[in-house]
K.L.:
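The following block contains the structure, expressed as structure tokens.
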Amino acid sequence: MSDTIFAPATAAGRAAVAVVRISGPKSVTVIEALAGRAPAPRVASLRTLRHGGKAIDEALVLRFAGPASFTGEDSAEFHVHGGRAVVEALMAALADLGLRLAEPGEFTRRAFENGKLDLAQAEGVADLVDAETEAQRRQALGQVGGALSRRYDHWRELLVQSLAMLEAAVDFPDEELPEAVAERARPGLRKLKAELDAALADAERGRRVRDGYRIALVGAPNAGKSTLLNALVERDAAIVTDIPGTTRDIIEVPMALAGYRVLIADTAGLRETSDLVEAEGVRRARAWADEADLRLWVVDGFHVKHPATRDATIRPGDWLVLSKTDIANAQALDEAEAWGLSEDLHVKRVSAASAQSVGALRLALGEHVASALAGAEFPAATRLRHAERLGEARAYLERALSEIGLEVELAAEDVRLAGRALEKITGRVDPEDVLGRVFSTFCIGK
Ligand SMILES: Nc1nc2c(ncn2[C@@H]2O[C@H](COP(=O)(O)OP(=O)(O)O)[C@@H](O)[C@H]2O)c(=O)[nH]1
Ligand SMILES: [Mg+2]
């Protein structure tokens with residue numbers, strides 16, 4: 001039996017109310033020790049908490065009887081006044097009563113172990129706690145609610161059905177032609193593989209919602225990248241001078257655009273340099289830009305006389321941002337724009353000196369991010385861990401499909417491995433299911 005744990009559920013700092021939670025078999029005795037009689041489950045009651053003959057605080061006490069609780073165990077919440085001393089006195093009393101301070105995530109871990117949540121839902125809880133933007137909140141909430149888990153259950157169902165057919169072909173080869181029985185598994189596996197293909201193509205989107213869409217500001221020294229970053233995020237995140245080569249490291253600033261988390265990075269100006277530190281900065285700039293979802297190639301609109309050659313890091317579809325339009329020459333800007341369009345770049349003009357101009361660019365970026373990340377369907381992967389397992393499952397399925405006509409046993413084994421890869425995502429591994437399915441869907445008669 002597990003021990004009883006406690007932890008503050010609210011952040012430290014000045015607040016009207018602080019919540020301290022406990023979970024485990026001693027929950028009821030601890031309430032009785034601190035508050036006298038335990039309240040009925042799920043009924044909030046006002047009590048004076050006392051320990052060692054002294055009052056700690058007036059508190060709202062809530063009790064949950066397992067398994068109908070978040071952790072699945074008997075648990076309770078004490079809503080006390082938010083002062084630090086109050087919380088500390090209560091925690092000291094709980095420790096004195098033999099409870100242990102919970103480890104990070106331990107309440108959710110218990111919920112998982114008691115079957116209240118699967119692994120993906122538990123991850124959703126963590127993401128919901130960390131959510132800073134609307135999109136993160138929606139995605140995490142869907143994950144907690146089991147939207148992601150239900151897709152995996154559906155895939156698992158398809159796998160189990162196919163596996164049942166393959167195993168029947170292996171176990172009862174004299175019934176029918178084993179190849180013919182095995183072939184029945186093919187349509188289901190094909191369908192599943194197509195769904196995994198689509199999910200993988202979509203996985204990046206889910207991860208970007210969670211971790212942030214990455215936008216790199218790249219360009220020559222003095223193009224106005226740092227000034228633009230500061231203007232976009234409305235604070236002095238990067239140092240601006242008129243000395244070329246001022247920015248040397250990557251300055252990564254999180255911001256919210258259209259409800260999505262975005263990481264925008266200012267980078268060292270791209271140029272050949274004999275300065276070792278700056279050269280390393282340029283190398284990092286290229287590496288970050290390479291991994292980014294979108295590159296804004298900032299070109300000094302004032303000095304642009306003729307179109308530059310496209311930098312190697314810039315890809316078609318990236319943005320050419322002509323800067324300093326407040327002092328730039330209109331004809332030069334038009335020429336640069338025509339050139340940018342001919343290179344398949346989206347061209348934007350901006351003056352960091354104008355809040356309106358920066359606002360328009362911010363709006364355009366927000367629309368771009370929203371259209372890149374928004375999707376009708378809930379993504380099947382929000383973490384690298386998910387995408388890796390999905391890829392693994394797809395590879396096994398591909399192999400299984402090529403083996404069906406040749407080596408049914410190998411195909412069955414690969415389908416099993418694909419299932420295991422998917423089950424790692426939700427943390428469910430249940431081989432009994434497959435056995436049950438073999439005997440329930442086939443009239444084998446043996
Ligand atoms: N007039 C004007 N000057 C700008 C603008 N953006 C940047 N600058 C100036 O251009 C110089 C280089 O800017 P900086 O942001 O450091 O360029 P970076 O090297 O690309 O980061 C600085 O003196 C800025 O004040 C702009 O929109 N209008
Ligand atoms: Mg700079």
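Counting convention: from 1, in listed order, for ligands and their atoms alike. Residues: numbered from 1 along the sequence shown. On a predicted model such as this, the values are computed, not experimentally measured, just so you know.
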K.L.:
Tell me the protein heavy atom at minimum distance from atom 27 (O) of ligand 1, and give that distance in Å.
P.N.:
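Its nearest protein heavy-atom neighbour is Ala352 N, 2.8 Å.
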K.L.:
Among all protein heavy atoms, pick the one closest to atom 5 (C) of ligand 1 and tell me residue, atom and distance.
P.N.:
Lys324 CG, 3.4 Å
K.L.:
Is Asp290 paired with Arg214 through a side-chain N to carboxylate O contact shorter than 4.0 Å?
P.N.:
no
K.L.:
Are Ser351 and ligand 1 in contact, using a heavy-atom cut-off of under 4.0 Å?
P.N.:
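A heavy atom of Ser351 does come that close to ligand 1.
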K.L.:
At less than 2.8 Å, would any N/O/S atom of Ser226, backbone or side chain, sit next to the Mg ion (ligand 2)?
P.N.:
yes
K.L.:
Could you tell me whether Arg420 and Glu423 make a salt bridge, using a distance below 4.0 angstrom between a side-chain N and a carboxylate O?
P.N.:
no
K.L.:
Return the closest protein heavy atom for atom 16 (O) of ligand 1 as residue, atom name and distance.
P.N.:
Thr241 O, 3.3 Å
K.L.:
Looking at Arg110, Arg109, Lys116, which hits side-chain hydrogen bond (donor to acceptor under 3.5 Å, both in side chains) with Glu113?
P.N.:
Arg109
K.L.:
I'd like to know if Glu123 and Arg385 make a salt bridge, using a cut-off of under 4.0 Å between side-chain N and carboxylate O.
P.N.:
yes
K.L.:
Can you check whether Leu119's main-chain N or O pairs, donor with acceptor, with Thr426's side chain at less than 3.5 Å?
P.N.:
no
K.L.:
What is the closest protein heavy atom to atom 12 (C) of ligand 1, and at what distance does it sit?
P.N.:
Asn222 OD1, 3.3 Å
K.L.:
Do Glu337 and Arg349 sit within salt-bridge range, that is, some charged N less than 4.0 Å from a carboxylate O?
P.N.:
yes
K.L.:
Return the residue, atom name and 0.1 Å-rounded distance of the protein heavy atom closest to atom 14 (P) of ligand 1.
P.N.:
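Residue, atom and distance for the closest contact: Thr227 OG1, 3.5 Å.
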K.L.:
Would you call Gly269 a ligand 1 contact, heavy-atom distance under 4.0 Å?
P.N.:
no
K.L.:
Between Asp293 and Arg205, is the closest basic N to carboxylate O distance under 4.0 Å?
P.N.:
no
K.L.:
Where is the nearest protein heavy atom to atom 25 (O) of ligand 1: which residue, which atom, and how far?
P.N.:
Val240 CG1, 4.1 Å
K.L.:
How far is atom 17 (O) of ligand 1 from its nearest protein heavy atom, and which residue and atom name does that atom have?
P.N.:
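Ranking protein heavy atoms by distance from atom 17 (O) of ligand 1, first comes Gly224 N, 3.0 Å.
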K.L.:
Which protein heavy atom lies closest to atom 1 (N) of ligand 1, and at what distance to 0.1 Å?
P.N.:
Asp326 OD2, 2.9 Å
